[in-house]
Amino acid sequence: IEYSTEPFESLYEVYEDIGSGQFAVVRRCVEKATRSEYAAKYIRKRRVASSRRGLPLEVIAREVHVLQKLHKHQIIISLHQVFDNGQHVILVLELVRGGELFEHISERERLSEEEASAFLHQILLGVCHMHSHDIAHLDLKPENVLLLSKNRQHIKLIDFGLSRVITDAEEVRDLMGTAEFVAPEIVNYEPLCLATDMWAIGVITYILVSGSSPFLGDSQQETFNNVTAVDYTFDTQYFSGTSDLAKDFICRLLVKDVRKRMTAKESLSHPWIQPESEEQEEERRDAQTNMD
Ligand SMILES: Nc1cc2c(nn1)-c1ccccc1CC2
């Protein structure tokens, strides 16, 4: 995709901020020619190599390439156009108004297992699509899962700023996501892989069904220690109403050895995601009634 050097403001009307990332601000905008609404993600360009502001062009290009390869999938946010106005690269993205899954949880403290499993099923379809293209997201967390609209279950994965193609040859080690969601191999600077995303899915599931975070400590270092020790419990204070199926799903993802961790494909056929039988569906519902 070519970066247009047309002046962005001559083709789009720009409105309110709708979100932000570490090096990006996202604003609602309207394409003048079509009156269609989009999300304009302004990513500041790094002017000098030694500067800490903004991102180098090749890092920005990685997010554009990943979006180009993936965005025809209904769970991945779609990319409409790209502009370079000198100071920023502007990604014109599909507009999603339902807010972050993160806010949705905070309002509810925790979700029912049906709702959590339905969200996870969609996230896993998106992650499966990415992994089938050898692309790892590497920053999966509830903030990067947007709801299409408040009351609906449909979600979109956003922010592929840390995503990259994982090839065995090029060992990627230098990454750091968000402490709560990083896998042991990231903390230990070992080669990252697609399984790194599956660990994050395990943490997200734990949070969705319990409202608490498995490895979060009082400091980033304490969190890293908990992660590398795989030190977590199903504290009865939060898990008394959680089904064994849900706990089994989480246990198969929070595994230190990347070769033993469930893959995205395998997780889609785990009974907590894809109930095989009426009684398993019943078990999930029962766990729910105990909790109410
Ligand atoms: N870092 C972020 C942050 C956001 C978005 N993208 N990247 C986004 C994308 C499409 C619609 C809405 C948003 C707002 C949040």
Side-chain angles (χ1 to χ4, degrees), residues 1 3 8 11-31 34-46 52-85 87-107 119 122-123 126-127 129-130 135-164 175-182 197 200 204:
I1 195 170
Y3 296 14
F8 178 66
L11 296 170
Y12 288 82
E13 294 158 2
V14 184
Y15 294 100
E16 78 280 4
D17 279 21
I18 53 175
S20 60
Q22 194 180 0
F23 296 102
V25 169
V26 185
R27 294 196 181 98
R28 183 174 67 86
C29 63
V30 173
E31 187 175 35
T34 61
R35 306 310 304 162
S36 302
E37 283 191 309
Y38 292 96
K41 181 173 178 179
Y42 291 75
I43 307 172
R44 180 182 291 281
K45 289 159 71 177
R46 182 167 290 180
R52 280 179 308 116
R53 277 156 62 92
L55 288 175
L57 263 182
E58 67 270 9
V59 170
I60 298 173
R62 214 163 31 208
E63 180 169 8
V64 174
H65 290 146
V66 162
L67 280 170
Q68 255 179 289
K69 272 185 88 174
L70 297 175
H71 73 147
K72 292 300 175 205
H73 190 278
Q74 93 270 15
I75 308 277
I76 309 283
I77 199 84
S78 69
L79 177 66
H80 180 62
Q81 273 189 311
V82 182
F83 289 81
D84 181 338
N85 72 5
Q87 200 182 9
H88 293 93
V89 169
I90 304 167
L91 307 188
V92 182
L93 298 158
E94 171 187 4
L95 181 63
V96 178
R97 303 307 301 264
E100 295 172 1
L101 177 56
F102 181 73
E103 287 144 12
H104 187 68
I105 316 167
S106 331
E107 282 153 24
F119 278 129
Q122 288 182 72
I123 294 170
V127 171
H129 180 67
M130 295 181 64
I135 291 173
H137 188 282
L138 299 178
D139 196 18
L140 288 174
K141 53 186 175 181
E143 294 87 329
N144 286 338
V145 177
L146 293 192
L147 274 64
L148 237 57
S149 57
K150 279 269 178 260
N151 50 6
R152 297 255 310 281
Q153 292 253 320
H154 295 282
I155 56 118
K156 295 271 177 183
L157 297 182
I158 60 164
D159 203 345
F160 295 79
L162 295 180
S163 310
R164 55 185 78 193
L175 194 97
M176 202 45 96
T178 306
E180 249 180 291
F181 301 91
V182 294
D197 282 337
I204 291 170

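Both ligands and their constituent atoms are indexed starting at 1 by order of listing. Only a predicted model underlies this, so the values are computations on that prediction, with no experimental measurement involved.
- Heavy-atom proximity to atom 2 (C) of ligand 1, evaluated over Arg27, Lys41, Glu63, is greatest for Lys41.
- Here's the thing with Ser20: none of its N/O atoms is less than 3.5 angstrom from an N/O atom of ligand 1.
- Using a 4.0 Å cut-off between charged side-chain N and carboxylate O, Lys141 and Glu100 make no salt bridge.
- Contact of the Asn85 side chain with the Phe8 side chain is not registered, since no non-hydrogen atoms from C-beta on lie closer than 4.5 Å.
- The heavy atom nearest to atom 12 (C) of ligand 1, considering only Ile158, Leu146, Asp159, is found in Leu146.
- Between His104 and Phe119, the gap from one ring centroid to the other is short of 6.0 Å.
- Judged by distance alone, with hydrogens and angles left aside, the side-chain atoms of Asp159 form no donor-acceptor pair with the main-chain N or O of Asn144 at under 3.5 Å.
- Which parts of ligand 1 touch Ile18 is read off a 4.0 Å heavy-atom cut-off, strictly below it: atoms 12 (C), 14 (C).
- Listed by number with element, the atoms of ligand 1 under 4.0 Å from a non-hydrogen atom of Ala39 are 10 (C), 11 (C).
- For Glu94, the heavy-atom gap to ligand 1 drops under 4.0 angstrom.
- Taking every heavy atom of Ile77 and a limit of under 4.0 angstrom, the matching atoms of ligand 1 come to 10 (C).
- Looking at Glu94, Gln122, His73 one by one, the single match for side-chain hydrogen bond (donor to acceptor under 3.5 Å, both in side chains) with Lys156 turns out to be Glu94.
- Within the 4.5 Å cutoff, the side chain of Leu70 has no heavy atoms near those of the Leu157 side chain.
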